[in-house]
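Here is the structure we will look at, set down as structure tokens.
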Amino acid sequence: MQEAPAITPFDAEPLREKTVLITGGAQGIGRGIAQAVLGAGGNVCIGDRDAEAGRACIEEWDVGKRAHFFVLDVAREASVIRWIASAKKHFGRIDGLVNNAGIAQPHAAPIAELTLADWNRYIATNLTGAFLCCKHAMTDLQKRRGGIVNIASTRALQSEPDTEAYAASKGGLVALTHALAVSAGPHVRTNAILPGWIATDAWRRPDQRAMPKLSRRDHAQHPAGRVGAPEDIGALAVYLLSPQSGFVTGQCFVVDGGMTIKMQYK
Ligand code: NDP
């Protein structure tokens, strides 16, 4: 008779000794992901265009060499190349990449008034930035059989008026995710998280930090009973970067407290 499969204990530090690069990692959701990675035993290299926010993270985390900050503008290829070189110099390896940096304000202008410059700004940061980071981290990710997590949005699936540039950039990220999962597999897995409403006020740099002003109605409209927090995204990102998700690639995970599955007719 064959032996029964063993009960294996759940690894409390699934990212031990792994190095994860996170764009826009100094504030908001990116900082939440960085802290989740640190909590899972990993090292983080955060790249962010806000130098003060980045320095505050390193000081507040106080984890020594396990965290590294580098000023980054994901929309500029030279900046991405320098960031990745700095991560390799500091850690000697890249196991994960989280493409999180983005212009988080979805509302731009009615399409007849939306300037080409504004359209290009959204696409450059939210979509081209992810492409550049994937391109320049790929060789190192392949060496480590690493993982990529793209932070898209539920706005890749549904919209409010006057959000075309943002929605298109996030829809592009979803397509980039399945395309790359096919091209870069089996060595590199690629997945996307589509957050809903995530309150980030308490996750900003110290001088801009605030308690989120959320009403009872804001929370109650969500089937899960509350607005989301960066930890909600961090927990899933850790799973998607860890060996436990080794059979998961090319997928999009909606994390929105159930808002997109709710009928809205009133
Ligand atoms: P925040 O604005 O709170 O944080 C984003 C961080 O990324 C900031 O530090 C920002 O710096 C930085 N950043 C912006 N542009 C660049 C760039 N070109 N290069 C490097 N760093 C940059 O955003 P959120 O945490 O709210 O959002 C993070 C991601 O999650 C975004 O992609 C957003 O679209 C997505 N998202 C957010 C949702 C939410 O409800 N919060 C919902 C769905 C998706 P600076 O402050 O200087 O701009």
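Ligands are counted one by one from 1 in listed order, and the atoms in each one are counted from 1 as well.
Looking from atom 19 (N) of ligand 1 to the surrounding protein, the closest heavy atom is V74 N, 3.0 Å. Atom 23 (O) of ligand 1 has as its closest protein heavy atom A104 CB, 3.6 Å. In terms of protein heavy-atom proximity, atom 7 (O) of ligand 1 is closest to G24 CA, 3.3 Å. With respect to atom 4 (O) of ligand 1, the closest heavy atom belonging to the protein is Q27 O, 3.8 Å. For atom 20 (C) of ligand 1, the nearest non-hydrogen atom of the protein is L72 O, 3.0 Å. At the shortest separation from atom 42 (C) of ligand 1 among protein heavy atoms lies G196 O, 2.9 Å. Atom 18 (N) of ligand 1 has its closest protein heavy atom at D73 OD1, 3.0 Å.
Shown in contact with S153 at under 4.0 Å from a heavy atom are these atoms of ligand 1, numbered in order with element: 43 (C), 44 (C). Residue contact check: G28 has heavy atoms under 4.0 Å from atoms 3 (O), 25 (O) of ligand 1.
Inspection of the D256 and T154 side chains reveals no N or O donor paired with an N or O acceptor under 3.5 Å. R155 and T163 are not linked by any side-chain donor-acceptor pair at a separation below 3.5 angstrom, with hydrogens and angles left out of the test. Using a 3.5 Å distance cut-off with no hydrogens or angles, the side chains of Q35 and R31 do pair a donor with an acceptor.
At a threshold of 4.0 Å, the pair R16-D11 counts as salt-bridged, since one of the basic side-chain nitrogens sits closer than that to a carboxylate oxygen. Here R226 pairs with D232 in a salt bridge; the nearest charged N to carboxylate O distance falls below 4.0 Å.
For the atom pair CD (E17) and CG (N43), the distance works out to 8.5 Å, reported to the nearest 0.5 Å. Here I233 contributes atom CD1 and I29 contributes atom CD1; the two are 5.5 Å apart, rounded to the nearest 0.5 Å. Rounding to the nearest 0.5 Å gives a distance of 14.5 Å between OG1 of T128 and CZ of R76. Remark: Q27 CD to D48 CG distance equals 6.0 Å, nearest 0.5 Å. To the nearest 0.5 Å, atom CD of residue Q244 and atom CG of residue L15 are 8.5 Å apart.
Under 4.0 angstrom from ligand 1, the non-hydrogen atoms of I29 come from both its backbone and its side chain. At a 4.0 Å heavy-atom cut-off, ligand 1 touches P195 through backbone and side chain alike. With a 4.0 Å cut-off on non-hydrogen atoms, R155 does not touch ligand 1 at all.
Looking at ligand 1, you'll find an N or O of N100 within less than 3.5 Å of one of its N or O atoms. Among the atoms of N126, none of the N or O lies under 3.5 angstrom from an N or O of ligand 1. Some N or O of I198 is nearer than 3.5 Å to an N or O of ligand 1, by distance alone. Considering both main-chain and side-chain atoms, G47 never comes within under 3.5 Å of ligand 1 through any nitrogen or oxygen pair. Any N or O atom pair closer than 3.5 Å counts here, and W197 shares no such pair with ligand 1.
Residue contacts with ligand 1 include Y166, since one or more of its heavy atoms lies under 4.0 Å from the ligand. Contact analysis puts K170 in contact with ligand 1, with a non-hydrogen atom separation below 4.0 angstrom. Assignment of S79 to the shell around ligand 1 is not supported, since no heavy atom sits closer than 4.0 Å. Note on ligand 1: R205 sits outside its first shell, no heavy atom being nearer than 4.0 Å. Under a 4.0 angstrom heavy-atom cut-off, A124 registers as lying outside contact with ligand 1. Close to ligand 1: D48, with a non-hydrogen atom less than 4.0 angstrom away.
In this structure, H68 and H90 have parallel ring planes: the angle between them is below the 30° cut-off, well short of the 60° mark.
The residue from A199, A152, P230 that puts a heavy atom closest to atom 44 (C) of ligand 1 is A152. With atom 21 (N) of ligand 1 as the reference point, the heavy atom nearest to it among R49, E52, R204 is part of R49.
Just one of N150, T177, T190 meets the side chain to side chain donor-acceptor pair (under 3.5 Å) condition when paired with N99; it is N150.
Not a single donor-acceptor pair under 3.5 Å links the side chain of K18 to the backbone N or O of S242.
Around the CD atom of E59, the shell of radius 6.0 Å holds no more than 12 heavy atoms that belong to other residues, nucleotides or ligands. Other residues, nucleotides and ligands contribute over 12 non-hydrogen atoms within 6.0 Å of the NZ atom of K262.
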